[in-house]
Structure formats: C-alpha cells, structure tokens
Amino acid sequence: MDLSIFLDNLSNPAILFFFLGVFAVAIRSDLNIPSPISKFLSYYLLFCIGLHGGEELAHNGLTAEMFRVLGLAIILSLVVPIYTYFILKRRLNAYDAGAIAATYGSISAVTFITAVNFLQGQEASFDGYMVAAMALMEAPAIIVGLVLINLSQPKTNGTRRRRAMQHALKEAATNGSVVLILGSVVIGALASDKHLQAIEPFTGEIFKGMLVFFLLDMGLLAAKRMGALRKQGIFLLGFSILVPLLNAALVIGVCSLLHISQGNTLLLTVLGASASYIAVPAAMRITVPKANAGLYVSMSLAMTFPFNIIVGIPLYYYVIQLLMP
Amino acid sequence: MDLSIFLDNLSNPAILFFFLGVFAVAIRSDLNIPSPISKFLSYYLLFCIGLHGGEELAHNGLTAEMFRVLGLAIILSLVVPIYTYFILKRRLNAYDAGAIAATYGSISAVTFITAVNFLQGQEASFDGYMVAAMALMEAPAIIVGLVLINLSQPKTNGTRRRRAMQHALKEAATNGSVVLILGSVVIGALASDKHLQAIEPFTGEIFKGMLVFFLLDMGLLAAKRMGALRKQGIFLLGFSILVPLLNAALVIGVCSLLHISQGNTLLLTVLGASASYIAVPAAMRITVPKANAGLYVSMSLAMTFPFNIIVGIPLYYYVIQLLMP
Amino acid sequence: MDLSIFLDNLSNPAILFFFLGVFAVAIRSDLNIPSPISKFLSYYLLFCIGLHGGEELAHNGLTAEMFRVLGLAIILSLVVPIYTYFILKRRLNAYDAGAIAATYGSISAVTFITAVNFLQGQEASFDGYMVAAMALMEAPAIIVGLVLINLSQPKTNGTRRRRAMQHALKEAATNGSVVLILGSVVIGALASDKHLQAIEPFTGEIFKGMLVFFLLDMGLLAAKRMGALRKQGIFLLGFSILVPLLNAALVIGVCSLLHISQGNTLLLTVLGASASYIAVPAAMRITVPKANAGLYVSMSLAMTFPFNIIVGIPLYYYVIQLLMP
Amino acid sequence: MKAQIKVEIITNRLERREVVRLLDRFEIKGYTFVDNAKGRGNRGEQDGAGLTGSFTNAYFIIICEREDFQRIKEPMRELLTEIGGVCFVSEGEWLMH
Amino acid sequence: MKAQIKVEIITNRLERREVVRLLDRFEIKGYTFVDNAKGRGNRGEQDGAGLTGSFTNAYFIIICEREDFQRIKEPMRELLTEIGGVCFVSEGEWLMH
Amino acid sequence: MKAQIKVEIITNRLERREVVRLLDRFEIKGYTFVDNAKGRGNRGEQDGAGLTGSFTNAYFIIICEREDFQRIKEPMRELLTEIGGVCFVSEGEWLMH
Ligand SMILES: Nc1ncnc2c1ncn2[C@@H]1O[C@H](COP(=O)(O)O)[C@@H](O)[C@H]1O
Ligand SMILES: Nc1ncnc2c1ncn2[C@@H]1O[C@H](COP(=O)(O)O)[C@@H](O)[C@H]1O
Ligand SMILES: Nc1ncnc2c1ncn2[C@@H]1O[C@H](COP(=O)(O)O)[C@@H](O)[C@H]1O
Ligand code: NA
Ligand code: NA
Ligand code: NA
C-alpha cells in the first residue's frame, strides 16, 4: 500500500496545526482563540466555499451527474440517521439516540473544506455543485432525528407534536451556517464574474491560510471535548469511528456504480462520513434539551472530526483510486 | 432609461450580501457577526480608505478643485442639519429634531466606500481628497445639531450651555472613527511609497472582499433596526428617503455649475445623501441622552443606508452622466 | 551622522500608526480595538513569523552560526535578569525587582517582528533560526526571576518552594504565545513546501498590513499604560531606557567578536533590548501575585517598547553598520 | 428608595429568547442580561467552547415588584424544568429617579 | 465577615466613565463592571447591535458601607435621571481578608 | 422556594481555575461566572487592556446552602489573601424545579 498520500496529508500545515491545538490543550496551555474569532473564521470559510460553489454552478449549468449527486446526498442524509438511530437505541435513551443519529446524518462543513483543500493538493478536480450537496445535507437529518424521537414517545397530543416539529424545522432551516452557505451559493451564482474576480484575493488567495489558522482552533476545541469522551463507554467510541467508515464504504460503493467522478466521490464520501458540530448542536440544544449535548458534540468533534481529517480523507481517496480507475 | 447600471449594481456581491443579511433577520435566523468583528471590519475599511486617500493627496498635491470640493463639503454639512431641523421641528421635539438633523448632516463612511467600489466597477476616476472631504463632514453637523437644540431651550445659564457645547465638540472630534479616518489620511500622505506598497495586499487586494463580508453584517444590523421603523409614522419614513434625494439633487446641481468631475460629484452626492450611524449616535447618546436613539439610528441605518446603496448610488450616477457629459 | 535611517523608520506606517494610537488615547478618543481582535492579531503575527522561521530553518539546515546565536540567546536570557535584579533590588522589594528583571530578560515578539520588518525595508538578510532564538528567550528569564525572588525569602519549607518553581515553570512553558511560536516553527520545518506556498498569501502577503494595523492597537495599549508611569520615579523610567541600551551595547559587542551577520546581530540586539509584556505578565500575575503588575507592564509596554521601535531599532542598526563593515 | 426584589436567572444562551418571551407575556418591562456567562450545573459544564454558543449561558437580572414575580413564578419554574438553569430571588431597594 | 451593602448600577455603556467619575469624586475605591450587558428599560431595547456600543449597557457592582452609599445617593439619582438606568441596593456580608 | 445564599467572588481572570479548583475540592457543584469583568480594588485598576487577560477580572456567582459556604469560607479567605479580590455573601430564595 502506498503511504505517500497519508504522509502528504500529514505534511499539510492545516493538519499539523490541528495537532498543535490538541497538544496545547494536553499540556494545559492557555492558548485560546477568542470565540468571536472562531465564529468569524467559520463564517468566512462558509462564505468563500459558498461563493466558489455558486460561481461554478452558474458556469457549468445543470448536468445529469449533478442531479444524481444531489439526489444521493439527500437520500444519504435521510438513511444515515434512521439506521444509526436503531443501533444507538439499543444502548441509549431515545433523546440521546435521536440527537446522535441527527449528528451523524448531518455534515461537517470544515471536514468538507479540508477535503476540498486535500483534493486541490492532489490536483484532482471536482464540481461546484458539491457545495450545494453539502448545504442540502445539513438540515434533513435534524428533522429525521426529531421524528424518530417523537415516534418513540408515548402518544402525545397531536397538535403539540406538530408544534415541536415546526419548531425543529425552523431551527434547522434558519441556522446561521445553513443560511450563510446557501446564501453564498446563490450569490456566487448570481453575481457577475467581474465582481467575483475583484474579491478573489479575499475569497481565494488567503483562504487556505485562514483554513490553517482555523484548524488550530478546531484542535483546541476538539481536545477540550476529548476529556468528556473518557467517561463514555467503548460503544460510543467505536460508533464514532465505525459509522463513518461504514458510511464511507456505502457512498464509495454507490458512487462507483453510478460512475461519479473521483473528486466528487471523495467529497460525497466525506459528507457521509462526517458528523455535525455546528448546525445540529445548535438545533438540538433548543429542540431536544433533554439530550446530553456533552455526548453528541464530543463524539463528532473529538473523535469523528480528527479521524476524518487525519486518516479518513486520505484513506477514502486511496480506496476510491483503487476502485475507480 | 438604461437600467444596466442598476442591474450591474445588483450583481455586486456586496449588495447581494446586504440582502442576505436582511433576509436572515427576516426569517429569524441566528446568523450573527460578533460585535468585535463588526468593529474590526469597520475600522479596517476606514484604515484602508484613509491610507489610499492620503497617498493620492500627497501625489497630486493641492488643486483648485480640491479646495472647491472641500469647501462645498463643509458648507453642505452645515446647511443640511439646519434646513432639516426646521422641517423636523414641525413634528418632533427639539431633542429628536436636532439629533436627526445631525444624523443627516453627517455622513456614512460605508455608503461612501460602497460608492467608491461602485466607481471602480464603472472604471470611473475620482480624487484622493474625497476621503478628506468625507472625514471633514463627519463632525460639523453634530455641533450644528447641538447648537440648534440649545437655542430651542429656555434661556439657561450661559456657562452651562458653553460646557455642554464643549462636551459635544469633544465627543464629535474624538470619536474613534473620525480619529481613525483622519489619522489614516495623514499617515497615507506621510508614509513612503515603498512602505505603502508593501502593505497593499492588505489595504488594497483583500479590501473588496472584506467590504462584501462587512455588508453582510450591515444587512443584519439594518434589518434589526427595521422593526423599530414600523412604529414610526409616514413622516419620518418619507423624510429618510426624500431628504437624501433632495440633498443629492442639490449637490449634483452645484457640482455641475462648478465643473467638478463626475467621480468626485458622485462621491460628494453620496456624502450629502447619506446619514451617519456611527459617529453621530455615539456623540448624541452622550450629549443629548434625551433624544430617542431608536429613532435616528433606525432611520439612517434601516432606511437611508439601504436606499442609497441599492437605488441611490446608481441613480445619482445615472443622473450625473446625463447632466455632465 | 546619517539620519536617513531614522527618517525612513518614521515614514513607516507601522510606526506612524503606533503614534496615532498614542495620540488617540492622549485626546481621550474612544478609538479602541476589541480585545478578541488584539489577541487574534498577535497570534496571527506569531503564527506567520514562526512558520517562516521554521521553513528557512529546514532549508538551511544546522549551521555553526546558528548554534552560536542560540547559545548567545540563552545566555542573554539568563544574564540579563540576574544583573538587573541586583540593580532593582536597591530600590524595590524582591517581588517587584524579580518581576521586572524577568520582564527585561524575556523578549517582546512584536518588537522582534517590527525589526524584521525594518530589515526587510533595508533589504538586509537574516536567518530563519532567529525566530527560534526569540522563542527560546521567552521563558528562561521567568524562571530566573522566580528563583531570585525565592532566594530572597526567609527559608521556607523546601517542598513548598519546589512546588512554586514547578508552577512557574509550567506557566512559563505553556504560555499560549510560547506554544504558538514554537509550534509554528516546528510546523514550518515539517510542512511541505507546496503546502507552505499555498498559504503564502495569508502568511506573507498581508502580513505587513496586519502588522501595521496591530501597531495601532499597540499604540493604544501603550498609551493607556503611560498614565501609570507618571506616578513612578525617575529611577524606573531611567531603567526602562538605559537597560535596553546597555543590553544592546553588550549584544552588539559580543556579536561583532563572534562575526555574526549584520541582520542576525540586529535581531539579537532587539531581543536583548526588548522587554516582555505578554508571556511574563501572564506568568507573573499567577506565580508572583504580590508583584505590582502595573509597574512591570507599564515599563515594558509604555516606555521600552516605544523606545525600541521608534529610536532603538534604527539606532542599533546604525551602530551595527558602523562597527561591522 | 423603594423596596423591590431582584430576580436572577441563569440558563443556556440559546434560550434567552424564551426567557424574554416569558417576560413579555407577563408584561415585565425591564431586564438586563449578559450572554457570555460560563458555569456548571446539573447539565454539565458550559465552558463557552464551540462555534454556536451552545455551551454558553445567559445571566438575567430583573428588578421588579414581588407581585410581578408571583405572576411569572410558575411559568418560569416550568420553563426552567424544560430548559435547565437556576432562578434566585433576593430583596433590596431601588433608587428611584 | 463584615456587614456591607452592594450597589448595582445598570446604565448605557457610553456613560461608564461618568459613573466612575462620580465614584471617584466620592472616593469610593472599589468597583467592578461588565460592559457588554444588554437589556430593556424605559429607553427601549439595548440589543448590543451597532458599531459603537451605543446600544449596550454597563453593569456595575460596588460593595461598600451604607454610609458610602448615602453620600453618592443624591448625585447618583441626578445622574441616572439624566442618562437613564437603574440603581439597586441590597444587603450582605463581606468576607474580609 | 428554598432559602439559599448567594456567594459572589471577584478576582483576577487568570485565577479562575484556582477558584473552580477550590469549589471542586469542597464539592460545590453549581457555579456561574463571566470572565470579562473590569474594575478597581486594592491592586489597582483592571481595565481589560493588554493581550493576556492579566488586567481582567472574573466574576463568580455561586448559589448554595449556608453550610456549604461555611465549609469553603476559610480556604476562600486564604486564597483571596494570596490572589486578591472580594467575596460577598447575601441571602435569598431559590426557585426549585
Ligand atoms: N448552584 C448554582 N450556582 C450558580 N450557578 C448555577 C448553579 N447551578 C446551575 N448554575 C448555572 O446554571 C446553568 C445551567 O444549570 P443546569 O441546567 O443545572 O446545568 C449552569 O451552567 C450554571 O451556569
Ligand atoms: N427593571 C429592570 N430590571 C433590570 N434591568 C433594568 C430594569 N430597568 C432597566 N434596566 C436596565 O437599565 C437599562 C437602562 O434603563 P432605561 O434607562 O430605563 O432604558 C436597560 O437597558 C436595562 O438593561
Ligand atoms: N469594593 C468593591 N466593590 C466591587 N468590586 C470590588 C471591590 N473591591 C475590589 N473589587 C473587584 O475585585 C478586583 C480585585 O480586587 P483587589 O485585589 O482589591 O484589587 C478589583 O479589580 C475589582 O474588580
Ligand atoms: Na454525515
Ligand atoms: Na449627509
Ligand atoms: Na530582553
């Protein structure tokens, strides 16, 4: 097996700064990115990736592969929370099971962006509509998770249940990062090339550096959540690695049947394998306050996220290259 | 009438992100730029525009047109608050009338910067001293507004009145954005070209992108103030559109008589037509705490600002091109 | 004497914006950079300078001059706090003397970066390992300061003293800026050139502009501390100018004996002459809460820092050019 | 000076709109809050980390008549049972102006 | 432990210097404040939005002797009448050290 | 409603871990704090300026039984003697849920 792809990933400052963040927390350093900066950086990344996605979408128009990919993305975001819910339900209460299922059905934009960065490093191409796929996959799993939680409850008043669902739908659809990424895609498609070129130094040139800096912050955040993981049993730790692998296998399989390009397959794989720690926690804290946020955020942020960016992305790409010549 | 200029403005991501911000508030999204970031972005814009203005000022030296423009700018910032005060006094108490008059006599730096961006898109030229004109117009209207409020009061102790005026003068002249813009102009004029070129990637290349991002924030801020507008009568809503139009007509007329260039005329028009929501509110909250800040900030931020950047700028430019061939 | 080097320094917007910050505080302006932004900017500067230092280190490999310089750096950071402590002890209590000694034995990263910027303006070369020298000099003086304070105390329980030292060592070694700079150097050395080039627009192109903006903030911070200086006697004011000069003379002398290059000598001089206001205060507040933080922070930030960036850097460089042809 | 009570409420930041809505419903006009509080309670540590404010608290201060509090007491108890947090009531005097 | 009172003042952020000046004038040595409070009162909502802090409040805590408060009471009332805000006084004990 | 006391502690931001450690040691489960308070006391002004939080305070609120406070009282006094700051205790009622 050719390890160069893994080593190349490890020579990426983005990954190395993630490690630095983890290291800083491990030695109890006071290194700490203020939360307004974290928020700015994460909005900035969504802003840029959305604009570029929208721009390409407008240039390339609607293609058959695009519809296949978007369809697959939505199916994925419905199937994953359902099957994981029933696995989780064997060990956890319905609230936690539903919240974790929603977490793994939804996606991590930073993992996606790291994968885009990885593909650019490999000089592999992919399509702008993948950003739309990402945006589309953020919310549905939240709804599915909530439906599952509701179904598990003893029959409650119908109106009340409908209200809860509306509330959840609203939270999922109006989440800041969902609105920003969708809005940026639309604007990228609408805005004139001349204007988009004028902002390229901000949205393109410094993008990778901002991502590297942000991954330092992600390392700090992830490592802070690792403490909480120690209290969790082997079941959830295993879940947070095996489910991504399973989802990845699933996506790669289907994509190779549908003859989707290597780059797009990697990105869709990463969407399937990644778990949310922005949109889902924000919605779950409000709609299912009884679920343990320490649980689902720790799993996605402190296990699945690092696994995907360090091992997952190069591994998935390695397999994709083997299977899809 | 040729609409392309309006459509081009609407294809500018800056304007589109402003709409996205308004939209996000309308659907009650939690999209929200933390206030330290807002402040940084607005300081950044003043920093860059000031440096560039100062640099050009130093290159081109003092010209007759420059003195004409600066004179006009100061006259404008004295006349506008006076005439609007008397209009406003018919419906409002002296505090609110004075505060709103000061708001419309002063200027909006972001509107100015958006107009500069628009001119660059149109490949039209303008002069560096326009930035100085902008800086000069921030404060005088504040003083005028306070004088008018004071005159309307029953004769109070002379010393006390003088004290209040000194206080106001101090607030107006030491306002952070006034100091930063003036300071940046001076530094842009003093600094060596070599050093200024070395920072051009920061002050020039990424500038437009930062502006676009900032306009997302402006959209959020403006939309949050739109709620307060609903409670206001048609009088103030009309005021916040008609007074900018009136001021614009006035400036365009005078400029065409004085043979000022198209680019400079547009910028001066925008200065006349725009209303302050940074320097004035900060000074008014302290010097006239009895004025209703919800009123003057809402009018300038939620009505006049969007009107100017969406409709005003292309409209004024269209008229200028018609009248000044 | 050729003044052009001083004038060139004064035409640098970085220095001019520092003055603007001081001016703004002097006129009691509300110009104010929010603290999350200050922190981001200072982390950004360390991040960039560390990456570049590490990159060069990896390219040039280990040289004899490098070991000479690093050895000198460490000796300097041990000698300076010791000799200054005994000077200070004549007027101050052991806590304050130890804390100030640690402050002057340690270094100011921003002064160092300003000197790098100055050298680039002069088109003079220097080596990447100077960043390592800087990183190495942050912590040792803190330990020395604490040892000296402890020795001055009546014999206390041995275990207790050992605990206090461990605590201090931990604080010094895990300080956020120490971890970030060392981590960035290591990452700069490990990361592949391809990836480092991809982030160059962020870490290189906009760097100087960010530095300029940050110096505005430094001006504001320094000036806020100047008030506290007025209460201090001439002894400490003199100390905060004369000790840097003495250290500079010392370093320049030794470097010229050891035939160290002009650029490297300037940077080492600046490290010797500068005083800490990030790592040391953070460690001292916790390990020696009885020392007066208003004292050591004011001296380093409000006297030594401005002296070095305005007069010191060009002066040291002037002398170096005279002595080391 | 006028005798009044002070009601302090600490709950998740994302729920601050709910608290305000409850105050609105009972026509409590004045309140103050900071939305960057951290802490620890039954639902674990809120350390402010994360990208969404999910792990941050809001701290409310409401100065009002005791009768006002009597009105909101039960709904507030219900809300806090749902969303978590604490509500503390103490006495004092209000400097009228 | 020593009986002391706690004075809490909430007013516009831009006025924090005025409050400190008043405390200085009456030689009140100790105080604490946060300057990112939001809220609602007679002068409408302070939602923290904007670029200047005009819509943000400062929340002061001053622990002092009752006599100290008696001295600042009237000037504080006057100031708050001018600039808006609330001042609330309650009793407690101070852990001396 | 249940009678409880409120303990307020203000000290340097960098010492917040020490305070939490003390609470942990005495098994005080609940607390809240903001870490951007400014102020003035015996150790001079803490104006929030600087790059490290060295000049910023943390403000803690702990609602607990009076007995809980009795337990932490002496160690807290010692800690504050070392690191500076204030500790203020007042009475009130807790809305149980
Ligand atoms: N006893 C207490 N004293 C002070 N604050 C508390 C206490 N209990 C809970 N809190 C605060 O209320 C928040 C929510 O409480 P809980 O729902 O119990 O986790 C916590 O994160 C703390 O900030
Ligand atoms: N009853 C109250 N309880 C708590 N805070 C209040 C109350 N009334 C006013 N405030 C605060 O004081 C600020 C100024 O009050 P006002 O001048 O009445 O608008 C408000 O924005 C609130 O933050
Ligand atoms: N009397 C007081 N009232 C309110 N806060 C105080 C008081 N004394 C001290 N503080 C706060 O406690 C911090 C540390 O106090 P000290 O150690 O006395 O400087 C100060 O910076 C203030 O924020
Ligand atoms: Na997923
Ligand atoms: Na105007
Ligand atoms: Na030094």
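Side chains included, hydrogens not; waters and symmetry mates left out as well; all remaining heavy atoms used.
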Item to complete: Might you confirm whether atom CD of D:Glu74 has over 12 heavy atoms from other residues, nucleotides or ligands at distances under 6.0 Å?
Response: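 Atom CD in D:Glu74 is crowded, with more than 12 foreign heavy atoms closer than 6.0 Å.
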Worksheet item: Is atom CD of E:Glu27 surrounded by more than 12 heavy atoms (other residues, nucleotides or ligands) closer than 6.0 Å?
Response: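 Atom CD in E:Glu27 is not packed in, count stays at 12 or less.
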Look at [options] and state which one has the largest set of heavy-atom pairs under 4.5 Å with chain D.
| options | value |
| --- | --- |
| E:Glu8, E:Glu45, E:Lys6, E:Glu91 | E:Glu8 |
| E:Val86, E:Val7, E:Thr81, E:Ile9 | E:Thr81 |
| E:Gly48, E:Gly41, E:Gly85 | E:Gly85 |
| E:Cys87, E:Gly39, E:Ser90 | E:Cys87 |

Worksheet item: Can you tell me how far CE of D:Met1 sits from CZ of E:Phe69, rounded to the nearest 0.5 angstrom?
Response: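 With rounding to 0.5 Å, CZ (E:Phe69) is 4.0 Å from CE (D:Met1).
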Worksheet item: Measuring from E:Asn57:CG to D:Thr32:OG1, what's the distance to the nearest 0.5 Å?
Response: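 Rounded to the nearest 0.5 Å, the CG-OG1 separation comes to 6.0 Å.
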Item to complete: Can you tell which part of E:Ile10 gets under 4.5 Å to a heavy atom of chain D, answering side chain, backbone, both or neither?
Response: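 Side chain of E:Ile10 only, per the 4.5 Å heavy-atom cut-off to chain D.
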Worksheet entry | Region of E:Val34 that comes under 4.5 Å of a non-hydrogen atom in chain D |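 For E:Val34, the side chain is the part near chain D, not the backbone.
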Discussion item. Using heavy-atom distances under 4.5 Å, tell me whether D:Phe60 contacts chain E through its side chain, its backbone, both, or neither.
Written reply: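 Neither; nothing under 4.5 Å.
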Fill in: Residue D:Ile61 versus chain E: region with a heavy atom under 4.5 Å
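The side chain, not the backbone.
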Practice prompt. For the pair D:His97 (side chain) and E:Met76 (backbone), establish whether a donor and an acceptor sit closer than 3.5 Å, ignoring hydrogens and angles.
Written response: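 Side chain of D:His97 to backbone of E:Met76: no pair is present.
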Worksheet item: So do the side chains of D:Arg16 and E:Lys38 get within less than 4.5 Å of each other, counting heavy atoms only?
Response: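 D:Arg16 does not reach E:Lys38 side chain to side chain.
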